[in-house]
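What's counted below: heavy atoms across the whole structure, side chains too, no hydrogens, waters or symmetry copies. Each ligand, and each atom within it, is numbered from 1 in the order the structure gives.
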Amino acid sequence: MYRWLRQGLFLLEPEKAHDVALAGMDVSAKLGLLKTLFPPPSDKPIDLMGLRFKNPIGLAAGLDKNGDHIEAMGALGFGFIEVGTVTPRPQPGNERPRLFRLPKHHALINRMGFNNKGVDHLVAQLQNAQFDGIIGANVGKQKTTPLAQAAQDYCHCIDKVYPHCDYIAVNISSPNTPDLRDLQHRDHLEDLLRTLTQRRYELTQTHGVYRPMVVKIAPDWDGNALEETLAIIQNAGIDGLIATNTTIDRSTVTNHPQAHQAGGLSGPPLSSLSNATLAAARRVVGNEWPIIGVGGIDSAQAAVMKKENGADLIQIYTGLIYQGPGLIRQCVHAWPQ
Ligand SMILES: Cc1cc2nc3c(=O)[nH]c(=O)nc-3n(C[C@H](O)[C@H](O)[C@H](O)COP(=O)(O)O)c2cc1C
């Protein structure tokens with residue numbers, strides 16, 4: 001059934017297909033059809049970071065950047081939904097085309113560039129959201145904000161989303177905002193995280209509730225840079241990690257006509273790099289520290305492999321596009337308890 005739907009959607013330009021599919025899902029969710037077409041999985045609860053996730057499969061950031069589709073995503077059976085990345089003010093993102101399919105590899109390349117309606121719009125959506133699962137808010141910086149002032153953008157977004165979400169994801173790993181990944185390195189990271197954890201302390205006092213804060217990292221690392229970054233993140237009092245964002249590496253898709261496109265590669269060609277980063281991170285941070293694994297999950301086996309490499313929870317994006325919503329159920333069922 002989804003294969004047939006996908007064939008139709010893939011006749012459209014990728015970003016158009018994305019919009020059409022989400023609009024269709026919104027209507028189907030409202031009519032109660034989505035749950036009939038794609039029966040959600042039964043619960044498989046997991047407790048992590050002081051939160052109860054009804055199942056370990058989440059929607060990765062970037063698919064619902066503005067929180068406009070929370071109901072539909074919830075109806076598909078996700079245990080948690082990460083909305084964003086959102087920035088303080090609306091921004092258009094990069095010029096189109098900026099999303100490319102690599103069907104032979106079941107992969108995507110995107111250079112969206114944090115196109116979003118701004119944090120105030122997201123907050124309004126969160127206030128009206130009908131979803132009984134966990135919601136994470138993924139925050140970033142405006143394209144035009146210099147790195148030296150990036151902390152102000154992150155704080156601005158965190159202040160606004162804090163009362164309306166369950167956890168906060170700090171995105172310093174998108175390859176599509178110039179220099180953003182420099183925030184992953186010592187020069188910027190220590191200061192940034194000191195500011196963010198201090199702000200979280202103040203918000204905890206103000207709102208009387210502690211929101212876990214996780215950092216999302218890239219899969220592209222040289223030498224022992226990953227180890228150094230992880231030590232900084234853990235020592236800063238951050239609650240966990242999301243590993244990983246998309247890759248700028250193209251070695252797994254060489255010769256594909258779209259391989260030259262600038263941006264981040266996602267889907268199965270990202271798995272080995274993403275899994276290696278996850279496994280390395282797990283070795284460095286020990287067994288107790290929370291890690292959400294993401295990158296290249298397109299089957300129940302790939303989900304289980306994330307668990308074996310050290311993930312406590314997982315997220316999917318590209319797998320949902322190629323395999324359809326049935327993937328959520330398959331992953332939940334296969335997840336070892
Ligand atoms: C079109 C597209 C847009 C994305 N936008 C974001 C984003 O705004 N913020 C973010 O943290 N990750 C973003 N991502 C990365 C995903 O959240 C995820 O980390 C990555 O795609 C790897 O997972 P996958 O192989 O299951 O897609 C985006 C991915 C895609 C394909």
Side-chain angles (χ1 to χ4, degrees), residues 13-19 21-22 57-67 73 78 80-87 91 93-94 96-102 105-117 119 122 136-141 143 154 157 168-177 180-181 183-184 214-220 241-249 252-253 258 261 263-275 277-278 292-299 302-303 305-306 311 313-323 327-328 331:
E13 184 269 318
E15 211 172 328
K16 183 81 193 155
H18 178 95
D19 295 344
L22 285 171
I57 320 301
L59 175 69
L63 195 144
D64 188 8
K65 287 179 189 280
N66 301 299
M73 293 300 115
F78 282 113
F80 63 113
I81 293 172
E82 193 170 301
V83 291
T85 297
V86 77
T87 55
Q91 64 176 25
N94 291 322
R96 298 185 188 208
R98 53 192 180 180
L99 178 60
F100 306 89
R101 294 187 193 107
L102 290 72
H105 299 284
H106 283 192
L108 296 171
I109 291 176
N110 92 83
R111 51 168 178 271
M112 307 300 287
F114 289 171
N115 55 310
N116 77 102
K117 298 177 184 171
V119 68
L122 176 66
N138 181 308
V139 297
K141 77 161 195 76
K143 183 181 179 182
Y154 287 97
C157 293
I168 290 154
V170 179
N171 183 4
I172 50 173
S173 52
S174 166
N176 301 316
T177 292
L180 189 84
R181 286 184 169 189
L183 293 175
Q184 295 184 122
V214 298
V215 171
K216 185 165 178 178
I217 61 165
D220 307 303
L241 197 70
I242 304 183
T244 66
N245 216 310
T246 54
T247 180
I248 52 171
D249 183 83
T252 47
V253 294
Q258 300 286 27
Q261 294 290 352
L265 172 68
S266 59
L270 163 65
S271 343
S272 58
L273 206 52
S274 185
N275 286 343
T277 306
L278 167 64
I292 301 174
V294 52
I297 299 169
D298 71 337
S299 65
M305 199 180 289
K306 286 277 181 218
L313 303 168
I314 56 171
Q315 294 176 325
I316 56 179
Y317 186 147
T318 308
L320 188 66
I321 310 294
Y322 282 91
Q323 307 297 336
L327 178 61
I328 303 164
C331 292

> What's the verdict on side-chain contact (heavy atoms from CB on, under 4.5 Å) for Lys216 and Thr85, showing C-alpha distance, side-chain angles and the deciding distance?
Replying inline: CA-CA 11 Å; Lys216 185 165 178 178; Thr85 297; over 6 Å; no
> Checking side chain to side chain donor-acceptor pair (under 3.5 Å) for the pair Asn171/Ser173: CA distance, chi angles, key distance, verdict?
Replying inline: CA-CA 6 Å; Asn171 183 4; Ser173 52; 3.3 Å; yes
> Would Leu99 and Glu13 count as a side-chain contact (heavy atoms from CB on, under 4.5 Å) if you check the C-alpha gap in whole Å, the side-chain angles of each, and the deciding distance to 0.1 Å?
Replying inline: CA-CA 9 Å; Leu99 178 60; Glu13 184 269 318; 5.6 Å; no
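Residue contacts with ligand 1: Ala61 is placed with a nitrogen or oxygen under 3.5 Å of a nitrogen or oxygen of the ligand (distance criterion only). The shortest N/O to N/O separation between Lys216 and ligand 1 falls below 3.5 Å. At least one N or O atom of Thr244, backbone or side chain, sits closer than 3.5 Å to an N or O atom of ligand 1. Checked by distance only, ligand 1 and Leu99 stay at 3.5 Å or farther apart across all their nitrogen or oxygen atoms. Between Leu270 and ligand 1, a contact under 3.5 Å exists for no N or O pair.
Test Ile314, Leu313, Ile292 against Lys306 for side chain to side chain contact (heavy atoms under 4.5 Å, CB included) and you get one pass: Ile314.
Ligand 1 lies nowhere less than 4.0 angstrom from a heavy atom belonging to Asn116. No heavy atom of Ser174 sits closer than 4.0 Å to any atom of ligand 1.
Note that CG of Asn245 and OG1 of Thr277 are 11.0 Å apart. Values are rounded to the nearest 0.5 Å.
Among His18, Glu15, Lys65, the residue whose heavy atom sits closest to atom 5 (N) of ligand 1 is Lys65.
Nearest protein heavy-atom contact of atom 9 (N) of ligand 1 is Thr85 OG1, 2.7 Å. Scanning all protein heavy atoms for the shortest distance to atom 27 (O) of ligand 1 gives Thr318 OG1, 2.6 Å. Considering only non-hydrogen protein atoms, atom 25 (O) of ligand 1 sits nearest to Gly296 N, 2.7 Å. Gly62 CA, 3.7 Å is the protein heavy atom nearest to atom 4 (C) of ligand 1. From the protein, the heavy atom lying nearest to atom 20 (C) of ligand 1 is Thr246 CG2, 3.7 Å. With hydrogens left out, the protein atom closest to atom 21 (O) of ligand 1 is Ser266 CB, 3.4 Å, a heavy atom. Of the protein's non-hydrogen atoms, the one nearest atom 1 (C) of ligand 1 is Tyr317 OH, 3.2 Å. Among protein heavy atoms, atom 15 (C) of ligand 1 sits closest to Asn245 OD1, 3.5 Å.
Side-chain atoms of Tyr317 do not come within 3.5 Å of backbone N or O of Ala61 as any donor-acceptor pair.
Ligand-side atoms of ligand 1 in range of Gly267: 25 (O), range being under 4.0 angstrom from any heavy atom. Near Ala60, with a cut-off below 4.0 Å to any heavy atom, the atoms of ligand 1 are 17 (O). Applying the 4.0 Å criterion to heavy atoms of Asn171 picks out, from ligand 1, the atoms 9 (N), 10 (C), 11 (O).
The shortest side-chain heavy-atom distance between Ile297 and Cys331 falls under the 4.5 Å cut-off. For the pair Lys65/Val86, no side-chain contact is recorded, criterion being any heavy-atom separation below 4.5 Å from C-beta on. Two residues are said to be in side-chain contact when any heavy atoms from C-beta on lie closer than 4.5 Å; Val170 and Tyr154 meet this criterion. Using a 4.5 Å cut-off on side-chain heavy atoms (C-beta onward), Thr252 and Leu265 make contact.
Using a 3.5 Å distance cut-off with no hydrogens or angles, the side chains of Ser266 and Thr246 do not pair a donor with an acceptor.
Heavy-atom neighbours of Met305 CE from other residues, nucleotides or ligands within 6.0 Å: at or below the threshold of 12.
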